[in-house]
Every structure is written in C-alpha cells, then in structure tokens.
Trainee: 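Let me begin by handing over the structure; questions about it come next.
Numbering of residues begins at 1 and proceeds along the displayed sequence.
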Amino acid sequence: EVQLVESGGGLVQAGGSLRLSCTASGFTFDDGAIGWFRQAPGKEREGISCITGSDGSTLYVGSVKGRFTISSDNAKNTFYLQMDSLKPEDTAVYYCAASHPYPRGYGCSTIYEYEYWGQGTQVTVSS
C-alpha cells in the first residue's frame, strides 16, 4: 500500500521560504512520478510541479517557475518542494501525489493520473 505523508507547511511572511517534504512508503520512484498540487479556498486543485523517477524530468506551472524547486532524495524515498519568494497568492493546502507506474519518456505532467495522495499541509503566506 502506498502512503504519502507531507510536512513542512506553516505561516510565513511574503518573500519568505518554506520547504515541504513528502515521505513515501510502499512506492518505487524509479518507475513512478511525484507531483505537487495545491488547492486554495474556493478554487480548483492545481498541479504545480512534478518529477519523474526514470529520468528526473521536472515540470513547473508558470506561476511558480523560478520560485519553487522540486527534488528527491531517493535513498530516503522523500520528495521536497522548496518554495522561495512566497506570495500571498501561494496560500493553499499543498498535496503531494504519486503516480505508479508512470510511462517512461512521457515527460513529467501533472495532468497524468496520480493514484495516491497525501493528507495535505497548509501553507499560509501573509502580506
């Protein structure tokens, strides 16, 4: 059974940084992918970043490109989302999700099916 546990959310001032962690169990990253998603109050869930295990390809949505960095520690089966230059509009519940198996050579996508989800962690950015 795949389980994902996020941590690292909190309250931060605009311009600050947070690092979210997602620890996976029962999941083989080598042929999978990890995505980060967020959902703000009253808005639809949005895929913001992903990384593939087969070739390490990454993707960022335009609103976070240049500010957020996704990474993996394969030995720990833990995945990170480093968030810098945070803005109030980044306020949301952030989720990590896993896709397995993920097709090799497909390129990273947050639109592809992610079957497993964490419980979410709240990120609040004050102005």
Trainee: Any sub-3.5 Å donor-acceptor pair from Thr52's side-chain atoms to Ser57's backbone N or O?
Mentor: yes
Trainee: Under a 4.5 Å side-chain heavy-atom rule over Ile, Leu, Val, Met, Phe, Trp and Tyr, are Tyr95 and Trp36 clustered together?
Mentor: no
Trainee: Are Arg38 and Tyr94 close enough that a side-chain donor and a side-chain acceptor fall under 3.5 Å?
Mentor: yes
Trainee: Over all heavy atoms of both residues, which pair between Tyr60 and Thr69 is shortest? Give the atoms and the distance, please.
Mentor: OH-CA, 3.4 Å
Trainee: Decide whether Val93 and Leu20 are clustered together by the hydrophobic rule: side chain heavy atoms of Ile, Leu, Val, Met, Phe, Trp, Tyr closer than 4.5 Å, transitively.
Mentor: no
Trainee: How far apart are the C-alpha atoms of Gln13 and Leu86, what are their side-chain angles, what is the distance that settles it, and do they pass the side-chain contact (heavy atoms from CB on, under 4.5 Å) test?
Mentor: CA-CA 8 Å; Gln13 289 189 329; Leu86 283 161; over 6 Å; no
Trainee: Can you name the nearest heavy-atom pair linking Ile34 to Ala98, along with the distance?
Mentor: CD1-CB, 3.8 Å
Trainee: Quick one: do Leu81 and Ile51 end up in the same hydrophobic cluster if we chain Ile, Leu, Val, Met, Phe, Trp and Tyr together by side-chain heavy atoms under 4.5 Å apart?
Mentor: yes
Trainee: Distance-only criterion, 3.5 Å: show the donor-acceptor pairs between side-chain atoms of residues 106-113 and protein atoms not counting sequence neighbours.
Mentor:
unit_1 : atom_1 : unit_2 : atom_2 : d
Ser109 : OG     : Ile111 : N      : 3.0

Trainee: Hey, what do you get for OG (Ser17) to CD (Gln82), rounding to the nearest 0.5 Å?
Mentor: 5.5 Å
Trainee: So which heavy atom on Gln122 is nearest to which on Thr124, and how close?
Mentor: NE2-OG1, 3.3 Å
Trainee: Any side-chain to backbone donor/acceptor pair from Ser54 onto Arg104? Under 3.5 Å, distance only.
Mentor: no
Trainee: Going hydrophobic residue to hydrophobic residue with side-chain gaps under 4.5 angstrom, can you get from Tyr80 over to Ile70?
Mentor: no
Trainee: Quick check: does any side chain N or O of Ser49 sit under 3.5 Å from a backbone N or O of Leu59, one acting as donor and the other as acceptor?
Mentor: yes
Trainee: Tell me which donor-acceptor pairs under 3.5 Å the side chains of residues 21-33 have, and how far apart each pair is, sequence neighbours excluded?
Mentor:
unit_1 : atom_1 : unit_2 : atom_2 : d
Thr23  : OG1    : Thr78  : OG1    : 3.4
Asp31  : OD1    : His100 : NE2    : 2.7

Trainee: For residues Asn74 and Ser72, report the shortest heavy-atom separation together with the two atoms involved.
Mentor: OD1-OG, 3.0 Å
Trainee: Is there a path of hydrophobic side-chain contacts, each under 4.5 Å between heavy atoms of I, L, V, M, F, W or Y residues, that connects Trp117 with Leu4?
Mentor: no
Trainee: Is the shortest side-chain heavy-atom distance between Phe68 and Ile48 below 4.5 Å?
Mentor: yes
Trainee: In terms of relative ring orientation, are Phe37 and Tyr114 parallel, tilted or perpendicular, with 30° and 60° separating the classes?
Mentor: perpendicular
Trainee: Determine whether Glu6 and Gln119 satisfy the following criterion, side-chain contact (heavy atoms from CB on, under 4.5 Å), listing intermediate values before the conclusion.
Mentor: CA-CA 7 Å; Glu6 300 106 332; Gln119 81 286 357; 2.8 Å; yes
Trainee: Closest approach of Ala14 and Ser127, non-hydrogen atoms and distance?
Mentor: CB-CA, 4.3 Å
Trainee: Could you give me the CA-CA distance, side-chain angles and deciding distance for Val123 and Met83, then say whether side-chain contact (heavy atoms from CB on, under 4.5 Å) is met?
Mentor: CA-CA 10 Å; Val123 171; Met83 306 187 296; 3.8 Å; yes
Trainee: In sequence, state the C-alpha distance, the side-chain angles, and the governing distance for Glu46 and Ser63, and then conclude on side-chain contact (heavy atoms from CB on, under 4.5 Å).
Mentor: CA-CA 11 Å; Glu46 173 189 30; Ser63 59; 3.8 Å; yes
